[in-house]
2 protein chains.
Amino acid sequence: MPPRTGVTRDRVVEAAVRVADASGAGALTMRALAEALGVAPMSLYHHVPNKEAILDAAVDAVFAEVDLPVVGAPWRAELRRRAASVRAALVRHPWALALMESRRNPGPATLAHHDAVLGTFRAGGFSLAATAHAYALLDAFVYGFALQEATLAFRDSAGGPGPSGAEGRPDVAAAADGLAEVLGGGAYPHLVEFVGQHALQPGYSFAASFEVGLDLVLDGLERLRARGAG
Amino acid sequence: MPPRTGVTRDRVVEAAVRVADASGAGALTMRALAEALGVAPMSLYHHVPNKEAILDAAVDAVFAEVDLPVVGAPWRAELRRRAASVRAALVRHPWALALMESRRNPGPATLAHHDAVLGTFRAGGFSLAATAHAYALLDAFVYGFALQEATLAFRDSAGGPGPSGAEGRPDVAAAADGLAEVLGGGAYPHLVEFVGQHALQPGYSFAASFEVGLDLVLDGLERLRARGAG
DNA sequence: CCATGTTACCTTACTAAGTAAGCCGTACTT
DNA sequence: AAGTACGGCTTACTTAGTAAGGTAACATGG
């Protein structure tokens, strides 16, 4: 059914991102990918050496979506924007984070990304040593936050019109119930307080902590920079 | 050759951790696990419903290794110790982080862990809202840092008297060579500067950034706490 | 204009992994 | 002593990655 307009490496990667977005990383099989392209499974191997290469390229495609900081512009604003952009990309493509961890071969977009960030730090007055610490801290925060969001996320079904078996269930409720059993006993009092009095309250949003944390991190970087320069 | 002393659920989990530690998450198959226990693959299913449950339990086992903060003791020192302990556990069990992301059922050790951290924040004077932001930031940093370490996967020291098997291979050199090809062209100048002038320099250690980042984060938490209280 | 090669795709089949189904011996209960 | 439940075994089905090799359409050079 799909285009059939001839498969290319780029089309394979594009389809891989689409399939993973729609149905999760688990659904990203060579067969599913082939079907999405209207082609037999083994045909993919004429454009890509193996699945690993597809995953490498898919991760790089996600990096390519990130809004790069402008080297030389005020570092704090640039890196703030880029941090939000990275997080947004990882929210759009929740499967990417898990893959990044296992990828060993950075693609061109990934390298360009690192280069821009490093350049922004350096142009902003960070020493090499300070840049190392700063980059480690900033990305630890961004990736770690995204990791937590991914862990909290119950989105296992994504509303694609897939022909796969029905999967939509009250997962949230189920999880909450599951916890309720355990929590009832009086163990974990602080957890109960936190969940009951805060996390399950109407206005609560985990995502709101991103801005707060990011600003604290950027404050820390500024002090690190000042310290290094002094 | 293994014990053969009768399989139990705990033995299965213990063996799962051992296998994953020794050969990575990819090597953790039901068949490999069965062999490690001197048993046929299907025998495992008499003690565990499925592989998912084993992974859930393995993750919980890692949490069980973490040095919990003492609720009521000075929060900064307690949470500093706990952060280092979490990182150490994730370095000992590099496969755990990837699993955590996909686990949906926290075990008792995991719940106790969260409870202790939340309690430490609360007893330290953090409001519920501040606790939410603080916990998100702190764990984003810890997990994100561990994620980066896993990605870099060089584990540069840690210095403990670990009896773990020898692992030294020219992985670093290989990766560096791979990059060198690409970097040669003059693209990525900041990356070249950083790697050449800093990261590949003798004394460099990525792990050293953990302490620096952690202290900056804790400083931030202190300001968050003061702000919330004022 | 045909033989030859190249490209892009296909069919078959092998291997590894998770696990459903059901058999069997041992040991403890009654 | 007989029954029964437990713990382990064997078999076999399903899904996934991919090795091996086949084929049709088009390009090219003699």
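Hydrogens, waters and symmetry mates play no part in the numbers below; they use all other heavy atoms, side chains included. Chain identifiers are assigned alphabetically (A, B, ...) following the order of the sequence lines, protein sequences preceding nucleic acid strands; residue numbering begins at 1 within each chain.
- Rounded to whole Å, the distance from CD on A:Glu35 to P on C:dC9 is 16 Å.
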Under 4.0 Å protein heavy-atom contact, by nucleotide of nucleotides 14-20 of chain C - B base, S sugar-phosphate only: ---BBBB
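- In this model, a side-chain donor or acceptor of A:His46 finds a partner on the base of C:dC9 within 3.5 Å.
- For the side chain to side chain contact (heavy atoms under 4.5 Å, CB included) test, residues two or more places apart in sequence or in another chain that qualify with B:Asp139 are A:Gln148, B:Arg82, B:Tyr135, B:Tyr143.
- A salt bridge is defined here as a Lys NZ or Arg NE, NH1 or NH2 lying under 4.0 Å from an Asp or Glu carboxylate O, and B:Arg18 with B:Glu14 meets this definition.
- The side chain to side chain contact (heavy atoms under 4.5 Å, CB included) search around B:Asp10 returns B:Thr8, not counting sequence neighbours.
- Following rounding to the nearest Å, A:Leu55 (CG) and D:dA16 (P) show an atom-to-atom distance of 14 Å.
- One interatomic measurement links the two molecules: CZ of B:Arg9 to C1' of D:dG7, which rounds to 17 Å at whole-angstrom precision.
- Among residues two or more places apart in sequence or in another chain, the side chain to side chain contact (heavy atoms under 4.5 Å, CB included) test is passed with B:His93 by B:Val17, B:Asp21, B:Val62, B:Glu65, B:Trp95, B:Ala96.
- Residues forming a side chain to side chain contact (heavy atoms under 4.5 Å, CB included) with A:His46 (at least two apart in sequence, or on another chain): none.
- With rounding to whole Å, A:His47 atom NE2 is found 8 Å from C:dC9 atom C1'.
- Contact annotation: A:Ser43 side-chain N/O to C:dC10 OP1/OP2 distance is under 4.0 Å.
- Regarding A:Leu37, its CG atom lies at a distance of 13 Å from the C1' atom of C:dA8, rounded to whole Å.
- Applying the side chain to side chain donor-acceptor pair (under 3.5 Å) rule to B:Asp67 yields the partners B:Arg81; only residues at least two apart in sequence or on another chain are considered.
- B:Leu44 has its CG atom 13 Å from the P atom of D:dT10, to the nearest Å.
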